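As the structure is a computational prediction, the values presented were derived from the model and not from experiment.
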Amino acid sequence: ITDHEIDRLQGHVESRLGHRAFVIDAPWPTRQWLMEKGTSAEYGARELKRTIHRHLTQPLASLVSRQQISAGGRVLVEVAADGASLNLRSMGLGEPPMPAAPSVLVVDDNAELLKFMTHATADCRWDPMPARTVTEARKLFSKHEVHAAIIDMGINDWGGVDLALDLRDAWPDVQVVLTCETEPSNAVLEVCDDHDFEVVKKPFLTADLLDFLRDRVIEVRTSC
C-alpha cells in the first residue's frame, strides 16, 4: 500500500507539473517509517494515506509552491536523525546523486523470517526488496536493479531455482544465495554449481549471509 501511494503521488507530480516534474526518491527506510507511522493493530492501514499526505505530500507541495525544486531534479526523502520526522532535500540537475546502497532481493514465503531478514538487510545499509511469492519477486526485478538475492529454493513448489535463473538473465552480475530446508537433488546442485549460486541450509545467520554477499558484490563492482 505504501509503495502504491508513493507511485500514485509520483504520477500526480508528473501529470500536473509536466516538464517541471521531479522524481520522488523515497528509499526503503523512509517507506518503512511511513508504514509504521500509518498503521496500528487497532486501525490497520486506515491512517496510512493521511500519514503520507501529512509527512510527504504537504511538504512536497510547500517546496513546489516556493519553487525550491528544479525541473527534472529529484527530492530525496530521508528519516531524520531523531527518527521523529522526515527530511526532504531538493537535488538539482547538476548535483551528483548520493551513492546508491546495494540492493538485495529477499524472497521467502515465511512472513516472520522475511520480515526479520528485511530489517537485517536495512540495518546493514543494504536496500532490501522483500517478496513472499515468485510473482512479487519478478515484478520487483523487472523494475529495479538487483545486486544480490537471498531466495528460498522451495518457494512455489521449488520455484526458487528457476527464479534465480531468470534473475541472472535480467541482471547478469547479481550474486545469488539459495536457501533450503532439505537437501536438494544432485540435479539441482549441478545447476547451482554451473551458475555459481551458493546453497545454504536453514537455519542460517543472516549477518554471515550478508557478509558473504557483500564481499561478492564489492568484488564485482571493483572489477567493472
Verify, without hydrogens or angle tests, whether S103 (side chain) and E145 (backbone) share a donor-acceptor contact under 3.5 angstrom.
yes

Any ring pair (Phe, Tyr, Trp, His ring centres under 6.0 Å) involving residues 168-189? Give me the pairs, sequence neighbours left out, ordered by first then second residue.
none

Is L56 isolated, or which residues cluster with it under the ILVMFWY side-chain rule of less than 4.5 Å, directly or via members?
I1, I6, L9, V13, L17, F22, I24, W33, L34, L48, I52, L60, L63, V64, I69, V75, V77, V79, L86, L88

Expected output: side-chain S90 to main-chain Q68 donor-acceptor under 3.5 Å
yes

Any donor-acceptor pair under 3.5 Å linking the side chain of R31 with the backbone of T2?
no

Taking it one step at a time, do V199 and D193 satisfy side chain to side chain contact (heavy atoms under 4.5 Å, CB included)?
CA-CA 9 Å; V199 178; D193 187 58; over 6 Å; no

Please determine whether side chain to side chain contact (heavy atoms under 4.5 Å, CB included) holds for the pair F116 and E112, giving the CA-CA distance in whole Å, both sets of side-chain angles, and the decisive distance to 0.1 Å.
CA-CA 6 Å; F116 174 80; E112 289 301 317; over 6 Å; no

Look at the side chain of N156 and the backbone N and O of G159, then say whether any donor-acceptor pair between them is shorter than 3.5 Å.
no

Would you call E5 and R8 a salt bridge, using N to O less than 4.0 angstrom?
yes

What residues, two or more places apart in sequence or in another chain, satisfy salt bridge (Lys or Arg N to Asp or Glu O under 4.0 Å) together with D25?
R74

Sub-4.5 Å side-chain heavy-atom contact between V107 and L105:
yes

Residue pairs, two or more places apart or on separate chains, that pass salt bridge (charged side-chain N to carboxylate O under 4.0 Å, His left out) and touch residues 149-167:
R138-D166, D152-K202

Taking 4.0 angstrom as the limit, do E47 and R50 come out as a salt bridge?
yes

Taking ring pair (Phe, Tyr, Trp, His ring centres under 6.0 Å) as the definition, give me every residue that meets it alongside F197, ordered by chain and number, with sequence neighbours left out.
H195

Would a distance-only check, ignoring hydrogens and angles, find a side-chain to backbone donor-acceptor pair under 3.5 Å from T133 to E136?
yes

Donor-acceptor pair, side chain of H147 and main chain of P102, under 3.5 angstrom
no

Please name all residues satisfying ring pair (Phe, Tyr, Trp, His ring centres under 6.0 Å) with W126, sequence neighbours left out, ordered by chain then number.
none

Does the side chain to side chain contact (heavy atoms under 4.5 Å, CB included) test come out yes or no for E183 and K201, once each step is laid out?
CA-CA 8 Å; E183 191 69 30; K201 291 284 293 291; 3.9 Å; yes

